[in-house]
*Asks:* 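Before we start, here is the structure in question, set down as C-alpha cells.
We're numbering straight along the sequence, starting at 1. When reading the values below, keep in mind they use all heavy atoms of this one structure, side chains included, and skip hydrogens, waters and symmetry mates.
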Amino acid sequence: MAKVTIDGIEVEVPNGSNVLQACEAAGIEVPRFCYHERLSVAGNCRMCLVEIEKAPPKPFASCAYPVNDGMVVHTDTPMVRAARRGVMEFLLINHPLDCPICDQGGECDLQDQSVGFGGDSSRYLENKHAVANPNFGPLVKATMTRCIHCTRCIRFSSEIAGVPEMGATARGENMLVGTYVEKALSSELSGNLIDICPVGALTSKPYAFAARPWELKKTDSVDVLDAVGSNIRIDSRGAEVLRILPRLNEDVNEEWLADKSRFALDGLKRRRLDSAWVKKDGKLTKASWPDAFAAIADKLAGVAGDRIGAIAGDLADAESMVALKDLLASLGSTNLDARQDGAALDVSRRDFYSFNTSIAGLEEADAILLIGTNPRHEAPLINARIRKRVLAGGLKIASIGPAADLTYKVQTIGTSPADIAGLLDGSNAFAQVLAAAKKPVIIVGQGALARADGAAVLAAAWKLAAQVGALTPEWHGFNVLHTAAARVGALDVGFASGKTLAQMLGGGVDVLWLLGADEFDTAAIGPNTFVIYQGHHGDAGAARADVILPGVAYTEKEGTYVNTEGRVQRGALAVFGPGEAREDWKIIRAFSAMIDKPLPYDTLEQVRARLVAVNPVFDRVDHLPRFGCSDLTGPAGDAQALSSVPFTAKIANYYMTDPISRASATMAACTDAHQSPSLAAE
C-alpha cells in the first residue's frame, strides 16, 4: 500500500493505483472524460490534470500517473484550474450547440464539467467542424459531430464486448470514430456504449426525443428477459416505460446490461392482453372476470385431480407459481412443470440445477469446459464475465457443441455428448487441463439437457466435475446455465412434480393451466384439453386458450425472481398494467375464493411468507452465500448412455426469445439488421 496526500488528506491505496484513483479514495472529485474504471487507460482527454510536488512544474494527467509512497498531490491550484479551463475550451471549439435537442441533456458529463471546471468564455470564433453521422443499426444513434474522441466506445467494444468493430481513422481534428465500413453493431452489449459515452455522440435510437431525465420516475428492479437477473432501473412517465438502464451490482451484472433487456421495452406496449376472454362456439369473445372464472369453474367441476395440470412460463414470478401450486393442490393435482423445453433437470438437490460457482466466482476459474451452451446468446453478461477472466490471463476454455464466436479463444473438443466420454476416460487432452486446474469449472447449457439423453449428459457432467476436482468443500465448479428467469425459482418452489410437460400434452390432462407459458409447441396440446392461459401478451399460449386471464408484465408488479446462480431478487412495480390486467397471484387467489377453496393469504407479505415456508432460500433476498460441495453423489441418469447426435444451439435468434421481445418492433429491426448487417434499418 502506498500513502498519498491529496489536498492535505492522507490516504492509503494499493500499489499500482493511479493518482485519479487515489483522489477518489480521498473523496475528491477529479473531472475526466476518457478514463473509465473498467477500461484500459487512454489518457487522451487531458481533463483530469493535477499538480504533483517534487515533479516537473507542469500539470499531469492523473489517470495515467502511478502513485508513489509519500506523493503529495494538489487538485485545485491556480495552475490546475487554468489548465482544466484550457482543456475544456479546446474540447468545445468544435462541439455543436446541440444541448436543447440532445438526448444526453441533463445527464451529460460535458455539461456538468464545463460548468464545474471550465471557463465562462471562448476565444475561438471560427466555424465549427462537422462530420457525417454513420448508421450503427437500430439501437445506437450516432451524432459524431458531438464526439470528443475520448475513445471509450472503442475500448469497450474491444475489451468488454470482445467485438472490435469500432475504431478511429485519421488524426487530430480529422479523426473519425466509427466502424470503418458502415454496418450495424453486432455485439449483444452495444447499448452500453450509450451509457459510457460522456457526451451526446452515442444515444439510444429508440428513445430519441422521447423525454428528459427530470420528467421520469425511476424504479429499481430486476430484469427477467434472461436468467442472469441483471439489476435495472426502469424509467417511466405516466403509464409508459420509456427507458431501462443498468444498476450497479458487482456480483451480477457489474454496470452493464444486455441489449435485449435494455431495448425490448417497446414490446410492453404491443399485443397486450387487457381483458378476459372466453371461447364460445369456437371463437374467443371478451368477457368479465366473473364470467371467465365461471367458465373455468364449470369445466373443473367433476374433473379428477390427476387430470388437471399447470405449466409455468419463463417470465413467471415466484409468488404466482406458489399460488398456482397451492390452487392445484386444493384441486387434488400435483401435475406441475416449468421446464417448457423438456430439460432433464434433477430437482432433488439445488446444486444439480444451479450455477454454483456464481457469476462473480467465474473470475477465480483457471479452466472452463462448456457443454452444449453458447453463453454469448444465452447469457451475454456471463459471457462478458468469462471474457474478463480471459483477459486477466491464465485461463483455458474448451467447448463441446456447435462452433461459435464467443468473443474469446475457445478450443472445440467435440460436438456431441459422446465426446464427454473422452474426458471421463482421459483420452482427451483437455481432461488433464481440468485435472491440473486449481479451480476448474464445468458449465452445462439447456441445449445439452433439452434432448432425449439430457439426464445422461447431466450425470456425466457431474461425474466429470467430481473426477477432475471441481467439487470440493471449498469450491463448487459444477454449473447449469439457464435461459429462463423463472426456471430456478420454479424448481425452488417445487413446480416440477407429477406429470411432466410431455405427459400433459396430447390429452394427458383434461384441464391445462398455462401461466405465461408460450415456449413450447402448443399444437401438441390435446384437442379436447381445456386450456386456461394467464399472461400478459397475446402469444402462442393465448392463441390456443379456451379462457384468457390478463396478467401484468414484470414492470407492472412486485415479484420475486431467482437467477441462474440461485440469487433471490425482487422486482418492483414501475407502472400499472393496462385495462383489467391484474397481478398473477391475485388472479389465482380471487379464483380460489370463487370456487370456495380460498388460498390462505390475502397480501403480498403473506404470499412471501408462504414462499419462505415452502423453501427457506426465499428468505435470503439479495444475498448468495458461496459454498463448496461435500456430497459427491450425482444426479439421476446413466452417465454411460451418451448419444453421438451433435448438440444444437438453444437460441436461434437472440433478439426474440419471449413474448415481450417477440412483440417488440425494435427487436424485429435487430433481427433484420443481424441477418443483413449492411442493410440495418434506420
Side-chain angles (χ1 to χ4, degrees), residues 269-313 315-316 320 323-324 327-328 330-333 335-337 340 499 501 504-553 556 577-599 659-660 662-663:
K269 299 183 292 186
R270 296 177 171 88
R271 300 176 65 183
R272 292 300 302 271
L273 300 174
D274 58 0
S275 64
W277 296 73
V278 175
K279 184 173 286 187
K280 296 179 180 179
D281 300 324
K283 184 178 180 181
L284 285 169
T285 58
K286 276 192 177 183
S288 65
W289 280 107
D291 289 345
F293 283 169
I296 299 171
D298 290 344
K299 188 63 182 179
L300 286 173
V303 177
D306 66 344
R307 300 296 298 173
I308 304 171
I311 302 171
L315 307 183
S320 62
L324 186 54
L327 174 65
L328 261 67
S330 71
L331 297 171
S333 174
N335 299 327
L336 309 167
D337 204 353
Q340 294 186 81
K499 294 180 180 179
L501 169 66
M504 285 187 268
L505 300 178
V509 293
D510 295 331
V511 178
L512 185 60
W513 195 304
L514 304 181
L515 183 62
D518 299 284
E519 309 306 324
F520 68 99
D521 183 12
T522 55
I525 299 175
N528 297 321
T529 300
F530 186 83
V531 178
I532 305 144
Y533 181 80
Q534 179 180 344
H536 42 76
H537 275 74
D539 209 80
R544 173 59 183 84
D546 295 287
V547 175
I548 295 175
L549 305 177
V552 293
E556 300 157 0
E580 297 179 11
R582 297 293 182 267
E583 294 184 35
D584 292 301
W585 76 265
K586 290 182 179 179
I587 295 172
I588 297 166
R589 171 63 180 83
F591 176 72
S592 71
M594 186 265 184
I595 60 173
D596 295 325
K597 296 179 184 292
L599 299 178
I660 297 174
R662 283 193 290 270

*Asks:* List the steps, then state whether side-chain contact (heavy atoms from CB on, under 4.5 Å) holds for Leu284 with Asp546.
*Replies:* CA-CA 7 Å; Leu284 285 169; Asp546 295 287; over 6 Å; no
*Asks:* Within a 6.0 Å radius of atom NZ on Lys279, are there more than 12 heavy atoms belonging to other residues, nucleotides or ligands?
*Replies:* yes
*Asks:* Name the one of Leu300, Val509, Asp510 that satisfies side-chain contact (heavy atoms from CB on, under 4.5 Å) with Ile308?
*Replies:* Leu300
*Asks:* Locate the shortest heavy-atom distance separating Asn335 from Arg307; write the atom from each residue and the value.
*Replies:* ND2-N, 4.5 Å
*Asks:* Would you find a donor on one side and an acceptor on the other, under 3.5 Å apart, between the side chain of Arg589 and the backbone of Leu599?
*Replies:* yes
*Asks:* Looking at Asp584 and Gly551, what are the two nearest heavy atoms and their distance?
*Replies:* OD1-CA, 3.6 Å
*Asks:* Restricting to pairs with a member in residues 270-291, which pass ring pair (Phe, Tyr, Trp, His ring centres under 6.0 Å), not counting sequence neighbours?
*Replies:* Trp289-Phe293
*Asks:* Is there a donor-acceptor contact under 3.5 Å from the side chain of Arg270 to the main chain of Ala663?
*Replies:* no
*Asks:* Between Glu580 and Pro550, which heavy-atom pair has the shortest distance, and what is it?
*Replies:* O-CG, 4.1 Å
*Asks:* For Leu273, run the side-chain contact (heavy atoms from CB on, under 4.5 Å) check against Ile548, Leu549, Val552 and tell me which one passes.
*Replies:* Ile548
*Asks:* Evaluate side-chain contact (heavy atoms from CB on, under 4.5 Å) for Leu327 paired with Lys597, printing each intermediate quantity in order.
*Replies:* CA-CA 8 Å; Leu327 174 65; Lys597 296 179 184 292; 5.6 Å; no
*Asks:* Roughly how far, to the nearest 0.5 Å, is CD1 of Ile587 from OG of Ser592?
*Replies:* 12.0 Å
*Asks:* Could you give the side-chain donor-acceptor pairs of residues 512-527 under 3.5 Å, partners two or more places apart or in another chain?
*Replies:*
| residue | atom | partner | partner atom | Å |
| --- | --- | --- | --- | --- |
| Trp513 | NE1 | Gln534 | OE1 | 3.0 |
| Asp518 | OD1 | Tyr533 | OH | 3.2 |
| Asp518 | OD1 | Ala540 | N | 3.4 |
| Asp518 | OD1 | Gly541 | N | 2.8 |
| Asp518 | OD2 | Tyr533 | OH | 2.8 |
| Glu519 | OE1 | Arg662 | NH1 | 3.2 |
| Glu519 | OE2 | Arg662 | NH2 | 2.7 |
| Asp521 | OD1 | Ala523 | N | 3.1 |

*Asks:* Listed by chain and number, what are the salt bridge (charged side-chain N to carboxylate O under 4.0 Å, His left out) partners of Arg272, not counting sequence neighbours?
*Replies:* Glu556
